[in-house]
Q: 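Quick one: this structure, given as structure tokens, is what I'll be asking you about.
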There are 2 protein chains.
Amino acid sequence: MVRQPAINARNRAPLSTERIIETALQIVDGQGLGRLTMRRLGDALEVEAMAIYHHLPRGKEQLLDGLVAHVAAAPVSPGARGGGAGDALRGWARGYRARLLEHAGVLPLVVTRRNPAALTETVASLREALRLGGAAEDAAAVTAHTLLGYVIGHAALEVRGTAEDGADRAVDWDARFDAGLDVILGGAR
Amino acid sequence: MVRQPAINARNRAPLSTERIIETALQIVDGQGLGRLTMRRLGDALEVEAMAIYHHLPRGKEQLLDGLVAHVAAAPVSPGARGGGAGDALRGWARGYRARLLEHAGVLPLVVTRRNPAALTETVASLREALRLGGAAEDAAAVTAHTLLGYVIGHAALEVRGTAEDGADRAVDWDARFDAGLDVILGGAR
DNA sequence: ACCTGAACACCGTTCAAGT
DNA sequence: ACCTGAACACCGTTCAAGT
């Protein structure tokens with residue numbers, strides 16, 4: 001019988017921070033943030049809950065920070081090449097919105113976990129895209145923040161299912177989002 | 001000895017939904033959402049925690065819904081009269097932002113509690129302001145949503161303390177917010 | 001009608017112990 | 001080094017009981 005070095009005695013993959021975060025994300029996406037529990041997460045990892053603390057010494061705080069970093073900080077695919085700066089920004093905004101909606105359960109964490117570093121890369125990439133499009137540094141900073149605020153706020157309105165008025169007339173959120181982009185980016189291409 | 005009808009045998013004001021919500025808001029503002037506990041809320045109200053369920057049968061869910069309604073749904077003072085539609089909207093946006101930041105602890109709830117009704121009045125008042133300013137109905141709907149999304153998203157970025165770049169150069173959030181308003185409202189007065 | 005007390009099933013986290 | 005088991009101090013909520 002040959003030993004598999006990466007598999008431990010009980011024949012399962014060893015724990016790792018990455019595997020913990022990904023499993024936690026599955027729980028949040030599938031069952032909601034409220035059901036993300038150290039004990040339940042341990043079950044999903046086929047491990048006692050206390051084992052998690054060996055990889056995340058700061059416990060649940062660190063776990064939640066990890067979730068935010070995983071969905072909000074990762075770079076957004078630049079989208080279609082070849083258009084002007086306006087198209088590039090539209091592509092960025094659509095991609096970031098899609099990511100936030102894919103993991104709607106972590107949105108409350110993205111919104112309020114005090115973790116300035118998490119969005120630094122995001123803002124930086126946005127400003128870079130703007131500078132490449134020829135915008136001045138000051139204008140780029142303002143536009144980047146305005147756009148990011150809009151994308152996050154719009155995603156929040158969507159997951160809330162904000163009612164339009166008394167009637168429950170359905171809202172076309174995709175169209176709404178694009179229309180808002182036009183307002184902010186001034187219809188420029 | 002004369003009986004005070006509104007005061008019970010132990011000489012304290014009787015519980016009411018309003019008093020419960022307000023006390024809960026004080027705890028959230030002062031100590032953060034994580035420390036809002038039925039037991040702690042009971043202490044603050046000088047009552048056993050279980051008494052709260054008599055007024056809020058749905059328990060903590062209903063309590064959190066009440067907090068959202070209290071900070072997000074109440075009308076915003078219209079601000080200075082006499083300017084054009086642009087000034088009215090700027091006043092509305094500044095007022096709403098101030099309210100959200102005053103109760104930053106409930107922002108995660110505003111963002112993601114599934115409670116479409118809570119923001120209906122808010123959106124309606126916004127669209128009314130726009131129509132009075134002479135905007136067409138369609139354009140008003142788009143602008144209202146764009147503006148509301150921006151205000152909420154910007155407030156979220158602020159309470160997160162989103163870092164600008166590697167250096168921790170301080171951000172003038174007031175100026176940023178106004179600059180974003182100019183982008184969205186097109187500098188129109 | 002309004003509040004209490006005890007109880008239940010769950011939390012996050014610590015700490016000593018196992019391998 | 002990595003994981004377990006038992007324990008502690010908390011949760012939200014139910015339910016019968018008090019006044």
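In what follows, every heavy atom counts, from backbone to side chain, and hydrogens, waters and symmetry copies are set aside. First the proteins, then the strands, lettered A, B, ... as listed; each starts at 1.
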Q: When you measure from the side-chain N and O atoms of B:Arg58 to the phosphate of D:dT13, is any distance below 4.0 Å, counting only OP1 and OP2?
A: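 So the side chain of B:Arg58 is outside the cut-off, no N or O lying under 4.0 Å from OP1 or OP2 of D:dT13.
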Q: What nucleotide among D:dT4, C:dA7, C:dG12 has an atom nearest to a side-chain atom of A:Glu48?
A: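 Of all the options, the side chain of A:Glu48 is nearest to D:dT4.
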Q: Can you find a side chain N or O atom of B:His55 that sits less than 4.0 Å from OP1 or OP2 on C:dC3?
A: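 Yes.
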Q: Does the A:Tyr150 side chain pair with the main chain of A:Phe177, one donor and one acceptor, at a distance under 3.5 Å?
A: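 Indeed, once roles are kept as given, a pair shorter than 3.5 Å links the two residues.
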Q: Is it true that a side-chain atom of B:Arg127 and a backbone atom of B:Ala144 form a donor plus acceptor pair closer than 3.5 Å?
A: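 Such a contact is absent between B:Arg127 side chain and B:Ala144 backbone.
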Q: In which ranges does DNA chain D form stems of 3 or more consecutive Watson-Crick or G-U pairs, distances under 3.5 Å?
A: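 If one scans DNA chain D for consecutive Watson-Crick or G-U pairs, the stems found are C:4-8 with D:12-16, C:12-16 with D:4-8.
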Q: Taking B:Thr122 for its side chain and B:Ala72 for its backbone only, find out whether a donor-acceptor pair lies under 3.5 Å.
A: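 Answer holds: yes.
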Q: Quick check for you: among C:dT13, C:dT4, D:dC3, whose closest atom lies nearest to any side-chain atom of A:Lys60?
A: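 That would be C:dT13.
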Q: To the nearest angstrom, how far is B:Tyr53 atom OH from D:dG12 atom P?
A: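 About 6 Å, once rounded to whole Å.
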Q: Whole Å only: how far is the CG atom of A:Leu45 from the P atom of D:dC2?
A: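 Whole-Å distance recorded here is 15 Å.
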Q: Report the distance from atom CG of A:Leu41 to atom P of C:dT13, rounded to the nearest whole Å.
A: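 Rounded to whole Å, this separation is 12 Å.
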Q: May I have the distance from A:Met38 (atom CE) to C:dT14 (atom C1'), rounded to whole angstrom?
A: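 So the two atoms are 13 Å apart, to the nearest Å.
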Q: Could you state the CG-C1' distance from A:Asp43 to D:dG5, rounded to the nearest angstrom?
A: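 So the two atoms are 15 Å apart, to the nearest Å.
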Q: Please report the distance, rounded to the nearest Å, between CZ in B:Arg39 and C1' in C:dA7.
A: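 Rounded to whole Å, this separation is 11 Å.
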Q: Can you name the residues that form a side chain to side chain contact (heavy atoms under 4.5 Å, CB included) with B:His103, not counting sequence neighbours?
A: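 With neighbours one apart ignored, the set is B:Leu25, B:Asp29, B:Val71, B:Val106.
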Q: What integer distance in Å separates B:Ile52:CD1 from D:dC11:P?
A: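 Spelled out: CD1 on B:Ile52 to P on D:dC11 is 12 Å.
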Q: Would you please confirm or rule out a distance under 4.0 Å between OP1 or OP2 of D:dC11 and any side-chain N or O of B:Arg40?
A: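 Yes, within the criterion.
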Q: Please check: side-chain N/O of B:Arg97 versus main-chain N/O of B:Ala155, any donor-acceptor pairing under 3.5 Å?
A: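 Not confirmed, B:Arg97 side chain does not pair with B:Ala155 backbone.
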Q: In whole angstroms, how far is the C1' atom of C:dT4 from the NE2 atom of B:His54?
A: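 Value for this atom pair: 12 Å.
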Q: Taking only residues two or more places apart in sequence, or in another chain, which ones meet A:Glu48 in a side chain to side chain donor-acceptor pair (under 3.5 Å)?
A: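 By the side chain to side chain donor-acceptor pair (under 3.5 Å) rule, A:Glu48 matches no residue at all.
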Q: Return yes if some donor-acceptor pair links the side-chain N/O of A:Thr112 with the main-chain N/O of B:Leu107 below 3.5 Å, else return no.
A: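 Answer holds: no.
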Q: Kindly point out which of D:dT13, C:dG12, D:dC3 is positioned nearest to the side chain of B:Met50?
A: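 Output: D:dT13.
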